[in-house]
Amino acid sequence: MKPQLNDDRNYVLCYTRLPQEEMIYAPKLAHSMHLALSNDGLQFQELNHNSGVLFAKATENEDGTLCAKSLKNPYLFHTCEGGFGVIAVRTEANGEADLQSKGKVLLFSSSDLLQYREIGLLELKTDTFVNDVSCEFYADLNGYLIRWIDGEGNGYQNFIADIMSLEGVTAPEPAQPFSLENIPADIEGILPRNSIMVSKEKAHRLYCKLTVPTNIAIEIPDRVSAASKEDLQSLRATALYSDGTKALKRVNWNTDNIDWGKAGIYNISGEVHQDHYPFPMVFDRADPCIAKWKGKYYFIATNDADQNHTLFMREADTIPGLADAEEVLILDSVTYGHIGGLLWAPEIHIIRDELYIFHAATPGEFLHEEAHVMKLRAGGDPMQAADWSMPERVVKKDGTYLCEAGKTISLDMTVIQWNGNYYAAWSERQFVPVDLGAWIYIATIDPQEPWKLTSDPVLLTKPDYGWANNHTFVDEGPFAIYTGDKLFLTFSSAAVDATYVVGLLTAEKDADLLDIRSWSKGNYPLLTSRSVPGEYGPGHTSYVTDEDGTLWNAYHARPGIDGPRSSGLRRVHFDIDGMPVLNMTEDKDLNPELKKVSVEVIVN
């Protein structure tokens with residue numbers, strides 16, 4: 001239920017959660033800051049599916065490996081500049097005391113409680129562990145008073161004028177241990193902290209961004225002119241959503257009572273069209289990709305049914321037709337000597353009117369898994385295996401292989417076309433001499449021979465947040481969404497079990513994609529096991545636009561915590577900021593009670 005926002009009093013509560021079973025809500029997820037919203041400070045509604053929005057970043061060890069961190073006892077406060085701050089105790093991943101944080105607290109800043117910047121550790125000039133902390137700005141002191149409690153329950157306080165500088169903090173003074181107001185919010189697993197008052201505008205924005213929009217109305221013109229049935233096909237319904245966003249929908253009109261040869265006004269009815277894709281769409285198919293080529297749609301995916309030894313393709317005139325289309329073998333693990341198995345994450349890409357399949361494969365051993373590219377011959381049929389070239393292993397700009405086999409693997413390579421340039425983005429994992437986890441890189445490619453990089457690889461993201469290093473340190477599966485002014489790159493993180501999630505990188509229209517400063521990374525994932533009931537471990541998303549201009553997300557998830565990875569399909573919505581929404585289910589996308597529409601048609 002949407003909270004009734006008040007002009008004067010709207011409250012945001014921050015909290016953490018009690019950990020649950022590893023596959024349900026592990027400590028790395030529970031030990032993060034969550035948010036809830038209220039109009040009276042008493043009844044709070046959880047946001048973001050009761051999932052965390054702020055996570056501590058991992059630190060880096062001397063050998064390059066990451067050391068996961070979490071946080072406890074976050075405290076939300078207003079800054080003197082009109083923004084927000086969060087102060088918290090940093091812990092080890094599972095909540096134990098963090099030796100690096102002894103005598104320190106972790107500080108974040110935010111302008112909107114959606115995107116956060118980790119400022120760093122603030123030293124409180126003590127040699128004891130901090131167990132709890134709070135912070136407030138006092139105008140009469142022209143600075144911030146930090147109150148904290150040590151592990152023995154003793155209270156202290158420090159003063160700092162410019163908290164975001166992390167400098168100038170006074171020595172701690174003994175003080176009465178602070179206590180927080182009891183907030184009995186009825187939210188699963190909640191460990192409540194403090195609430196702050198925010199404006200109606202800030203509260204509304206939080207609600208719109210951290211809940212799934214719901215279809216609340218359908219708009220259609222009262223009267224249109226048409227000379228034929230075909231004229232009506234261009235008439236679209238406008239679906240209105242709870243956050244103020246819109247989406248255009250095709251309508252299936254019943255024109256049986258129109259005499260197109262006789263002028264007049266006709267009242268007709270119709271039903272707003274909605275493609276239905278039950279989950280799973282295809283069992284035992286992971287990392288799905290759908291592409292349109294010369295009027296046909298093609299579906300390809302990792303084949304979990306045979307332990308990843310084959311790649312099959314489907315062809316259909318429409319995207320819904322792919323669900324029941326015949327599968328044809330395109331590649332197996334015996335045809336070529338250098339392709340022996342682990343055929344992973346195939347993607348279909350069109351580069352300068354040529355069709356390619358990017359995929360990963362190995363001669364046999366896991367540690368030899370590398371990115372490869374196949375090309376469809378001129379005039380070839382995508383459904384004929386013989387029309388595809390032998391897979392080429394990806395090479396760097398100097399002609400050497402992208403990764404050293406046996407030490408580092410590469411996979412999940414995708415293509416990005418942006419500002420007239422072609423890029424490849426992929427996941428790479430070094431195992432020798434130490435396992436660094438999977439990191440995502442980007443480089444320019446030669447569009448004539450797209451298995452060749454033309455620039456040095458640039459690191460885009462590593463699994464530094466708790467949701468990305470849950471059970472394993474992995475960022476993988478990048479894929480681009482293009483809008484008029486932004487490039488979104490979704491990626492998948494954590495283990496490919498029920499803890500798999502989807503994160504987001506964003507670049508602006510004229511950005512240099514090889515400059516890491518051009519990219520911003522979301523603090524929390526877009527898609528998790530809590531996003532859509534019954535779908536566990538969603539991830540490895542890809543996107544395709546249908547004949548109506550609707551963007552679809554092909555992804556895999558599990559129908560049950562231990563179910564097989566299986567493919568699903570869902571419409572991509574865009575929120576109040578034009579950011580992708582990946583968890584809008586069919587009932588929220590189109591209210592069944594609003595499907596029936598009518599219009600007056602003027603036939604001249």
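Values below: all heavy atoms of this structure, side chains included; hydrogens, waters and symmetry mates excluded.
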Under the 3.5 angstrom rule, does the side chain of [X] hit a backbone N or O of [Y] as a donor-acceptor pair?
X	Y	answer
T79	G83	yes
Y25	L18	no
D98	Q100	yes
D150	G153	yes
S70	N94	no
H78	M197	yes
N523	V53	no
S518	D512	yes
N419	K509	yes

Does K28 make a cation-pi contact with F473, if we ask for NZ or CZ under 6.0 Å from the ring centre and within 45° of the axis?
yes

Is it the case that [X] and [Y] place a side-chain donor and acceptor less than 3.5 Å from each other?
X	Y	value
T490	Y543	yes
D304	H556	no
E370	S410	yes
T302	D287	yes
W344	D412	no
T170	N158	no
T454	T444	yes
T245	H573	yes
N131	K72	yes

For [X], does the [atom1] atom sit with more than 12 other heavy atoms under 6.0 Å from it, leaving out its own atoms?
X	atom1	result
E365	CD	no
Y401	OH	no
D562	CG	no

Beyond-backbone contact of [X] with [Y], side-chain heavy atoms, under 4.5 angstrom:
X	Y	result
N421	L513	no
L487	Y482	yes
R429	V474	yes
V105	Y75	no
E22	D497	no
D132	R193	yes
N194	S134	no
N50	I187	yes

Least distance between heavy atoms, [X] atom then [Y] atom:
X	Y	result
I87	F77	N-CE2, 3.9 Å
P177	I149	CB-CD1, 4.0 Å
L514	A443	CD2-CA, 4.0 Å

Tell me whether [X] is salt-bridged to [Y], with the criterion being a basic N under 4.0 Å from an acidic carboxylate O.
X	Y	value
E188	R17	yes
E118	K69	no
D575	R205	no
D515	R517	yes

Taking the inter-plane angle between the rings of F574 and F488 on a 0 to 90° scale, is it parallel (under 30°), tilted (30 to 60°) or perpendicular (over 60°)?
tilted

Relative to each other, are the rings of W426 and Y441 parallel, tilted or perpendicular (30° and 60° limits)?
parallel

Exactly one of T506, L489, D475 should register a side chain to side chain contact (heavy atoms under 4.5 Å, CB included) with K521. Which one does?
D475

Rounded distance [0.5 Å steps], SG in C14 versus CG in L54:
9.5 Å

One should read off an interatomic distance between I409 CD1 and Q430 CD, to the nearest 0.5 angstrom, of 11.5 Å

Does Y500 have its ring centroid less than 6.0 Å away from the ring centroid of H540?
no

Determine whether the aromatic ring centres of F44 and Y15 lie less than 6.0 Å apart.
no

What residue among R570, R565, R530 forms salt bridge (charged side-chain N to carboxylate O under 4.0 Å, His left out) with E535?
R570

